[in-house]
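Working notes, beginning with the structure itself.
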Amino acid sequence: MAKRPEVVPDILDWYAESARDLPWRAADRTPWGVLVSEFMLQQTPVSRVLRPWSAWLERWPAPAALAAEPAGEAIRAWGRLGYPRRALRLHAAAVAITERHGGEVPDDHEALLALPGVGAYTAAAVASFAFGRRHVVLDTNVRRVLGRVIGATAYPPNHQTATERDLAEQLVPADPARAARWAAASMELGAIVCTARNPACGRCPVADRCAWLAAGRPDNAPPRRGQSYAGTDRQCRGALLAVLRDADEPVVGERLDLAWPAAVQRERALAGLLADGLVVRVGERYALP
DNA sequence: TAACCGTGGAG
DNA sequence: TCTCCAAGGTT
């Protein structure tokens with residue numbers, strides 16, 4: 001892949017005009033608000049996050065407020081956002097921030113990375129968006145954009161490669177504030193123009209230099225094989241947890257039997273939920289932690 | 001490292 | 001209807 005750093009200024013200019021007005025980008029945003037948004041946005045579209053994010057920050061405007069409540073409250077407030085383990089980890093992160101960092105979201109990558117549920121991407125994103133630090137912020141959007149503009153491939157590989165990181169690092173502006181804007185801009189381009197399906201090349205600020213467009217937008221091998229969902233343990237777990245989320249009190253096992261009739265799978269899923277700490281046993285009944 | 005972990009909207 | 005996809009992390 002050739003170096004094409006000259007695309008950076010044009011994408012930054014495009015972002016200055018075209019950025020969506022998202023609440024976690026507002027001038028009055030807090031590091032905690034940014035952190036919450038990053039947890040909620042993991043594998044989840046912006047449109048579904050907007051409402052829960054606002055309700056979450058209204059109820060828990062600081063990490064200590066969330067840390068003071070049982071984890072089950074976080075799981076309940078998470079609602080149907082999906083991957084409820086994120087709610088559990090966000091609660092655990094709030095506890096860790098309260099205990100280890102005096103209730104303030106840490107501003108450096110290493111400390112962020114040590115928090116539950118925070119990986120390389122989220123640590124870089126929070127350090128960048130909340131604190132203006134310079135980091136390589138390489139999410140699925142950026143990988144797709146760079147893969148197309150530079151690499152002429154429709155979809156990036158299933159797993160991040162060293163080549164991708166090297167290229168991304170070369171593009172990050174030296175100035176931290178500019179680097180933070182680049183992180184947001186490159187993600188935004190992938191999110192609203194250089195989309196996975198039906199990309200809007202006509203509105204792309206670097207269409208004239210896109211290797212993929214120049215090559216006639218070739219389709220490469222399917223990027224990933226999603227496992228089918230219906231009938232999986234994941235769907236079963238979701239059905240069981242929904243019962244507990246909507247219940248005010250611990251429920252008896254028969255209630256769960258109704259939610260998922262297949263006994264063997266239901267017991268396996270319930271055991272998994274208990275092991276994950278998403279469900280607790282209360283005598284003969286079950287509840288959120 | 002490959003597999004697992006939810007949910008709902010778009011095409 | 002059904003497949004794909006959405007700001008990943010953990011084991």
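Convention: sequence-line order gives letters A, B, ...; per-chain numbering from 1. Scope of the values below: all heavy atoms of this structure, side chains included, with no hydrogens, waters or symmetry mates.
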Which is true for A:Arg48 with a 4.0 Å heavy-atom rule: it touches a base, it touches only sugar-phosphate, or it touches nothing? base
Minimum-distance nucleotide to A:Asn141 side chain [options: C:dC5, C:dA7, C:dG8]: C:dA7
Charged N to carboxylate O under 4.0 angstrom, A:Arg209 versus A:Glu6? no
Under 4.0 Å, counting only non-hydrogen atoms across every strand here, what does A:Ala125 touch: a base, just sugar-phosphate, or nothing? nothing
Determine, stepwise, if the pair A:Arg266 / A:Asp257 fulfils salt bridge (Lys or Arg N to Asp or Glu O under 4.0 Å). CA-CA 8 Å; A:Arg266 183 183 65 243; A:Asp257 299 352; 3.0 Å; yes
A:Ser47 (side chain) and B:dG9 (base): donor-acceptor pair under 3.5 Å: no
Which nucleotide sits closest to the side chain of A:Asn198: B:dG11, B:dT7, B:dC5? B:dG11
Taking it one step at a time, do A:Tyr121 and A:Glu38 satisfy side-chain hydrogen bond (donor to acceptor under 3.5 Å, both in side chains)? CA-CA 9 Å; A:Tyr121 161 76; A:Glu38 292 302 336; 2.9 Å; yes
Please state how far atom CD1 in A:Ile75 lies from atom P in B:dT7, giving the value in whole angstrom units. 12 Å
Give a yes or no on whether a salt bridge exists between A:Glu249 and A:Arg285, defined as a side-chain N under 4.0 angstrom from a carboxylate O. no
Describe the nucleic acid contact of A:Leu81 in one word from base, sugar-phosphate, nothing, applying a heavy-atom distance below 4.0 Å. base
In whole angstroms, the gap separating P of C:dA7 from CZ of A:Phe39 amounts to 18 Å
Is the shortest distance from a Lys or Arg side-chain nitrogen in A:Arg134 or A:Glu169 to a carboxylate oxygen in the other one below 4.0 Å? yes
Distance alone, cut at 3.5 Å: any donor-acceptor contact between the side chains of A:Arg86 and A:Gln42? no
Of the candidates B:dT7, C:dA7, B:dG6, the side chain of A:Arg237 sits closest to B:dG6
Base, sugar-phosphate, or nothing for A:Trp78, non-hydrogen atoms under 4.0 angstrom? nothing
d(CG, A:Leu88; C1', C:dG8) in whole Å: 16 Å
If only side-chain N and O atoms of A:Arg89 are considered, is one of them under 4.0 Å from the OP1 or OP2 phosphate oxygen of C:dG9? no
Sugar-phosphate only, base, or nothing, as touched by A:Arg20 at under 4.0 Å among non-hydrogen atoms: base
Hey, is the side chain of A:Tyr229 poking within less than 4.0 Å of OP1 or OP2 on C:dC2, counting only N and O atoms? no
Indicate, with yes or no, if the rings of A:Trp60 and A:Trp32 have centres closer together than 6.0 Å. no
Are OP1 or OP2 of C:dA6 and a side-chain N or O of A:Gln43 less than 4.0 angstrom apart? no
Rounding to a whole Å, what distance do you find between A:Leu278:CG and C:dT10:C1'? 13 Å
Base, sugar-phosphate alone, or nothing: which one does A:Val137 contact when heavy atoms must sit under 4.0 Å apart? nothing
Closest-nucleotide ordering on DNA chain C, the 5'-leading residue of A:Thr195 and A:Leu113: A:Thr195
Within the 4.0 Å heavy-atom criterion, would you say A:Leu138 contacts the bases, only the backbone, or no part of the nucleic acid? nothing
Which part of the nucleic acid does A:Gly82 contact within heavy-atom distance under 4.0 Å: base, sugar-phosphate only, or nothing? base
Rounding to an integer number of angstrom, what distance separates C:dG8 and B:dT1 when you compare their C1' atoms? 16 Å
Whole angstroms only, please: what is the CG-P distance between A:Asp139 and C:dA6? 10 Å
Between B:dG8 (C1') and A:Arg234 (CZ): distance, integer Å: 13 Å
Between B:dA2 and A:His159, is there an OP1 or OP2 to side-chain N/O distance shorter than 4.0 Å? yes
Any side-chain N or O of A:Arg80 below 4.0 angstrom from OP1/OP2 of B:dG6? no
Any base atoms under 4.0 Å from A:Thr122, or only sugar-phosphate, or nothing? Heavy atoms, all strands. sugar-phosphate
Nearest-Å distance for atom pair CD/C1', residues A:Gln42 and C:dC5: 16 Å
Using whole Å, report how far CD of A:Gln235 lies from P of B:dG6. 12 Å
Please measure how far the C1' atom in C:dA7 lies from the corresponding atom in B:dG11, and state the result in whole Å. 22 Å
Could you please name the option among B:dG6, C:dA7, C:dC5 that lies closest to any side-chain atom of A:Tyr83? B:dG6
Determine the contact category for A:Asp276: base if any of its heavy atoms lies under 4.0 Å from a base atom, sugar-phosphate if only primed atoms, P, OP1 or OP2 are that close, otherwise nothing. nothing
For a quick check of understanding: with a heavy-atom distance under 4.0 Å over all strands, which category does A:Arg197 fall into, base, sugar-phosphate or nothing? base
